[in-house]
There are 2 protein chains.
Amino acid sequence: MVQFNNPSLDLVFSALGDPTRRAMLATLRAGETSMGVLAEPHGITLAGAAKHIEVLTRAGLVTHRKVGRTRLCRLEPGALKSATEWIQWHEAFWHERMDSLEQALEEMQDD
Amino acid sequence: MVQFNNPSLDLVFSALGDPTRRAMLATLRAGETSMGVLAEPHGITLAGAAKHIEVLTRAGLVTHRKVGRTRLCRLEPGALKSATEWIQWHEAFWHERMDSLEQALEEMQDD
DNA sequence: CTCATTAGTAACCATTTGGTAAAGTTTAAA
DNA sequence: TTTAAACTTTACCAAATGGTTACTAATGAG
């Protein structure tokens, strides 16, 4: 049985529910990135971007380190693990259903 | 390249970001379920549950049909597809990083 | 040292969210 | 036919979200 009440699932899924944050994660795949660079493509202020990054940080999806006066953000993809497990559990159900559908179709063809 | 701006991803991920809704989805795996039954375990009113179900419906994760005076909700797991694809793309990155980590460790052992 | 850059913080705002209560509306059942 | 169950709809509320501006702090460059 999968743990539904995992509070980190709340944080991860709702962090992923925002297109700006998903785009930031995509940017971060290229490597460590400063807040300014993360903010720029979305036409939002630095303060706004900082809020998004805080959400991603609380979800464990990114970490930062301070280099001089810039804050370098780094992707922490291991945090997706719980989300992946949850989704896979549901995907399994989906495949079962698809199997039953296929079976049903085969039975119809037998008529 | 994966589509970041997929608005259905917004709906699906943020729908999954609530523990009550994830629990409802889990309940729905057992089969079609009435709104009252979905509401009961969470100690919320029917009206509150209806809002959650509306969120799940807008995300495409459930559908309903009316039978008599009860509304039967049904799981629609195909809606998880886009979310799965997005996550798998990031998981791939994670595995790459794990591979580099392993490589780095091997190189350290070679010293 | 000074000054421009860059990040952090605080206060504010509109909208959404997750919940409520209360008043309908259907429909099953006594 | 009356009653009660199972929703629906509406109005409301507090808190969180996603954004802003303005101010402060740190730091890198000249």
Side-chain angles (χ1 to χ4, degrees), chain A residues 4-28 31-74, chain B residues 4-28 30-75:
Chain A
F4 314 120
N5 269 347
N6 186 339
S8 94
L9 272 185
D10 296 15
L11 296 175
V12 170
F13 277 131
S14 44
L16 297 182
D18 182 281
T20 301
R21 285 192 289 266
R22 286 197 309 277
M24 285 177 164
L25 291 178
T27 301
L28 284 167
E32 281 185 319
T33 312
S34 74
M35 263 194 36
V37 171
L38 284 175
E40 188 266 344
H42 307 108
I44 58 177
T45 62
L46 219 69
K51 285 195 184 180
H52 282 301
I53 292 169
E54 229 253 302
V55 171
L56 292 169
T57 303
R58 280 207 312 269
L61 291 163
V62 313
T63 53
H64 3 268
R65 64 186 239 261
K66 205 67 180 300
V67 170
R69 65 185 150 180
T70 78
R71 177 200 232 177
L72 289 187
C73 301
R74 176 213 307 259
Chain B
F4 313 121
N5 269 347
N6 187 338
S8 94
L9 273 184
D10 296 15
L11 296 175
V12 170
F13 277 132
S14 43
L16 297 182
D18 182 280
T20 302
R21 284 192 291 265
R22 287 198 307 280
M24 284 177 165
L25 291 178
T27 301
L28 284 168
E32 280 185 318
T33 312
S34 74
M35 265 194 35
V37 171
L38 285 174
E40 187 267 345
H42 308 109
I44 58 179
T45 61
L46 222 68
K51 285 193 184 181
H52 282 301
I53 292 170
E54 228 252 302
V55 171
L56 292 170
T57 303
R58 279 207 313 270
L61 290 164
V62 313
T63 53
H64 8 264
R65 62 188 240 262
K66 205 67 181 294
V67 170
R69 64 187 151 176
T70 78
R71 177 199 229 175
L72 289 186
C73 301
R74 176 210 308 256
L75 201 51

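Only this structure's heavy atoms are used, side chains among them; waters, hydrogens and symmetry mates stay out. Keep in mind that this is a model prediction, so the values were computed, not measured. A, B, ... follow the sequence lines: proteins, then strands. Residue 1 opens every chain.
Rounded to whole angstrom, the span from the CG atom of B:L46 across to the P atom of C:dA22 amounts to 16 Å. One interatomic measurement links the two molecules: CG of A:L11 to C1' of D:dA16, which rounds to 13 Å at whole-angstrom precision. Rounded to an integer number of Å, the gap from B:M35 CE to C:dT25 C1' is 14 Å. The separation between B:R71 atom CZ and D:dA5 atom P is 21 Å, rounded to whole Å. Distance CD1 (B:I53) to P (C:dT17): 17 Å, rounded to an integer number of Å. Rounded to whole Å, atom P of C:dA10 lies 12 Å from atom NZ of A:K51. Rounded to whole Å, atom C1' of C:dT15 lies 16 Å from atom CG of B:D10.
Residue A:G36 is classed as a sugar-phosphate contact, given heavy-atom separations below 4.0 Å to backbone atoms only. Residue contacts for B:G17: at a heavy-atom cut-off of 4.0 Å it reaches no nucleic acid atom on any strand shown.
Minimum atom distance to the side chain of B:T45 is reached by C:dT20, of the listed C:dT5, C:dT20, D:dG18. The listed nucleotides are D:dG19, C:dG18, D:dC7; the one nearest the side chain of B:H52 is C:dG18. Of the candidates D:dT17, C:dG19, D:dG28, the closest approach to any side-chain atom of A:R69 belongs to D:dG28. When distances run from any side-chain atom of A:A47 to the nucleotides C:dA10, C:dA7, C:dT20, the shortest one goes to C:dA10.
Both B:A49 and A:V37 sit near DNA chain C, but only A:V37 has its closest nucleotide nearer the 5' end.
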### Task
Dump the intermediate steps for side-chain contact (heavy atoms from CB on, under 4.5 Å) on B:R21 and B:L61, then the final yes or no.
CA-CA 10 Å; B:R21 284 192 291 265; B:L61 290 164; over 6 Å; no

